[in-house]
Amino acid sequence: MNSTNYYDLNADALAARYDGVDPADVHADWAPAHLREEPGFACDIGAGSGRDANWLAARGWEVVAVEPSALRNLATERAHPRVVWMEDALPDLRALRALGRRFDLVLLSAVWMHVAPKTRERAFRILSELLNPSGLLVITLRRGGDAAENAARGFHDTSAEELIGFANHRAIALRSHTTQPDLTRPGIHWETLVFAMPDDGTGSLPLLRHVIVNDNKSSTYKLGLLRILVRLAETAPGLVIARTDDYVEIPFGAVGLYWLKQYLPLVLHHRLPQRPSGPGGYGWAKEAFHRLQDVSPSDLRLGARLDSDRAATLTRAINDACENIQRMPVRYITFPGSNDRQLFESGFSRMRATSRPIVLSREYLARFGRFRIPALLWQALGQFACWLDPVIVGEWRQLTSNWVGPENSGSTALVREYGAESYTNDPFEWTESRYDTGIAQERAKQLRDDGFALTCVWSATQIRNAPHIDHCFPWARWRNNDLWNLLPAHGTINLRKSDRLPSSSAMADARDRMLEWWANAWVHSPQEDRFFMEARYSLPGLDVDTPGLEDIFTAAQHQRARLKQDQQLIEWPT
């Protein structure tokens, strides 16, 4: 019998045993000295009955609880609103890692003995990569107990010295090493090791700073590629095709598509120079690129459908963009001190333009090849996007201002108008970054006209006047017009919520109303495919083409916590 089967078969009895002990007493040997008073973001791996996750949540922590067994089903029924449950297990933790999150506390209470010795070094590395700077990793080790029961539960021998050796290899400091007896069972005691991440621990931020600020640049292409990857990591984590311990792979066509979205306004609309010789003459900006001049921003969003003529043009333009990206910035963005060790890897496959309509799906974009990014760098790009993007844009403005001179006299006025200090129509604003609730507004009116009782998702009261459409996650902080993010609300509630992030309690209270709105507004509607595709690409952890609505809600909870952590947003209600 493996350990998961044991916990599945004995879930009720084990949950009663776990919940019969006060978690403050269980963690008395480390929590008073090391658990900070200011709550943060925690991950309880092997969370069992949810006892410890609920304890942390009651202290104000936002918690992701990870459990592979049937104990999870019992725990979700009594979960604290600040606890989000997910099914996953060591050593891989694939679903957890796909969230792109880091934590101030990672807790493994009575879990490590389940990890097979041959996988432990890798498992420890994965755990360390989940930590924020100064984050704590707390691991308890079981000692003693009945040998037959230990075997039935899949226990392996463990060693504190082994863990300390893993930590030394990862440059993680041991803060404390204590022992205390089991609170209810004689003959069993527990060792607790508390490790701390001393700094960022990945080198990702210094590496990005080197590329943004210090790296030599003969054009804007290095900055352009980095900004595209920041945007994709922040807003489209669901585009990931494959993930290993070391790399993340995304469709090369997505990089090419975002290259077009970024350079169309800069080159065609504002005619800003992107290299010292001035505007025009870019090798990748061929006929297909120029034919996209009148394409609207919504035509190039992920999930959009294009007719045959426009599809062929876009396919050719993405081909040209990908070829240039592979030949130029990918080739010349290298690790510091190396001229030939490329930071990114790309495998471009030219796609034949056909006369058939297309959907800008992950599958279509993957046909242009794959683009590989170091996994820790991908995580940093998404986590620190709100700081990285302004730095990249600031460096970009400065770089292009240096290229305005007599030989570029035709572009001087444009750079003064739209450049670093004075502009009213910002050429660096992403084209899809325009507030738009129109489609949800029309759908809400249509449903009400058809007799549907339109309800405010936040107040649970019926909307009798003109409905407001609220961005669940505030537009001012996360520019996302996806259908799942647009919710009907009373005007007074919408104004009161303003640009604040819904709290975990507000989300939990609104759950059923959000599910009802999604089901009635978008499922079995002409926008159904768009709804599911947008959720799949913009929310973390949704791997299937048509996820369940409850899965989308859980993914939205993870995204809410990520926005709170990464941007330190004020919550509503306060």
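Numbering starts at 1 and runs along the sequence shown. Note that the structure is a prediction, hence the values are computed from the model and not measured.
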Would you find a donor on one side and an acceptor on the other, under 3.5 Å apart, between the side chain of [X] and the backbone of [Y]?
X	Y	result
Q441	P467	yes
K217	I212	yes
R102	N132	no
W378	L229	no
E395	L223	no
H524	A519	no
D88	R94	yes
Q565	F41	no
S503	A506	yes
R448	N465	yes

Do [X] and [Y] come within less than 4.5 Å of each other through their side chains, counting heavy atoms only?
X	Y	result
P502	F473	yes
D389	E234	no
Q383	R101	no
R227	W430	yes
N481	W475	yes
Y263	W284	yes
V330	Q342	yes
L300	L264	yes

Applying side-chain hydrogen bond (donor to acceptor under 3.5 Å, both in side chains), name anything that partners [X], two or more places apart in sequence or on another chain.
X	answer
E550	R511
E249	R370, R372
W478	none
R243	none

Study note, to complete from the structure: Applying salt bridge (charged side-chain N to carboxylate O under 4.0 Å, His left out) to R97 and not counting sequence neighbours gives D245
**Study point:** Verdict with reasoning, L232 to I228, per side chain to side chain contact (heavy atoms under 4.5 Å, CB included)
**Key:** CA-CA 6 Å; L232 287 168; I228 286 166; 3.9 Å; yes
Under 3.5 Å, sequence neighbours excluded: what are the donor-acceptor pairs made by side chains of residues 530-538?
{"from": "R530", "atom 1": "NE", "to": "E534", "atom 2": "OE2", "distance (Å)": "2.6"}
{"from": "R530", "atom 1": "NH2", "to": "E534", "atom 2": "OE2", "distance (Å)": "3.4"}
{"from": "E534", "atom 1": "OE1", "to": "L483", "atom 2": "N", "distance (Å)": "2.8"}
{"from": "R536", "atom 1": "NH1", "to": "D545", "atom 2": "OD1", "distance (Å)": "3.1"}
{"from": "R536", "atom 1": "NH2", "to": "E363", "atom 2": "OE2", "distance (Å)": "2.8"}
{"from": "R536", "atom 1": "NH2", "to": "D545", "atom 2": "OD1", "distance (Å)": "3.1"}
{"from": "Y537", "atom 1": "OH", "to": "R362", "atom 2": "N", "distance (Å)": "2.5"}
{"from": "S538", "atom 1": "OG", "to": "D482", "atom 2": "OD2", "distance (Å)": "2.7"}
{"from": "S538", "atom 1": "OG", "to": "W484", "atom 2": "NE1", "distance (Å)": "3.1"}
{"from": "S538", "atom 1": "OG", "to": "E534", "atom 2": "O", "distance (Å)": "2.8"}

Study note, to complete from the structure: To the nearest 0.5 Å, atom CG of L569 lies from atom NZ of K564 at 10.0 Å
Exercise for review: Could you give me the CA-CA distance, side-chain angles and deciding distance for Y221 and W259, then say whether ring-ring contact (aromatic ring centres under 6.0 Å, His included) is met?
Suggested key: CA-CA 9 Å; Y221 296 165; W259 182 275; 5.4 Å; yes
Practice item. Any chance you could lay out the side chain to side chain contact (heavy atoms under 4.5 Å, CB included) test for H468 and K497, step after step, and finish with the verdict? Key: CA-CA 12 Å; H468 280 223; K497 177 174 174 281; over 6 Å; no
Practice item. I would like to know whether C322 and M351 meet side chain to side chain contact (heavy atoms under 4.5 Å, CB included); could you show each step before the answer? Key: CA-CA 11 Å; C322 289; M351 184 175 168; over 6 Å; no
Revision key, fill the gap. With sequence neighbours left out, the residues meeting side-chain contact (heavy atoms from CB on, under 4.5 Å) with S349 are none
Check your understanding: Excluding sequence neighbours, so at least two apart, what forms side-chain contact (heavy atoms from CB on, under 4.5 Å) with S355?
Key -> none
Review point. Testing T313, I318, L268, L314 for side chain to side chain contact (heavy atoms under 4.5 Å, CB included) with F289, which one passes?
Key: L268
Exercise for review: In plain terms, say whether R291 and D309 are close enough for a salt bridge, that is, a side-chain N and a carboxylate O under 4.0 Å apart.
Suggested key: no
Review point. With sequence neighbours excluded, what pairs up with Y364 under the ring pair (Phe, Tyr, Trp, His ring centres under 6.0 Å) test?
Key: F368
Check your understanding: Mind checking what makes ring pair (Phe, Tyr, Trp, His ring centres under 6.0 Å) contact with W458, not counting sequence neighbours?
Key -> W572
**Study point:** Pairwise salt bridge (Lys or Arg N to Asp or Glu O under 4.0 Å) hits with a residue in residues 551-561, at least two apart
**Key:** E62-R560, R560-E571
Point to revise | Summary of ring-ring contact (aromatic ring centres under 6.0 Å, His included) pairs that have at least one residue in residues 334-362, sequence neighbours excluded | key: F344-F371
**Study point:** Pi-cation contact, Y258 with K261 (under 6.0 Å, within 45°)
**Key:** yes
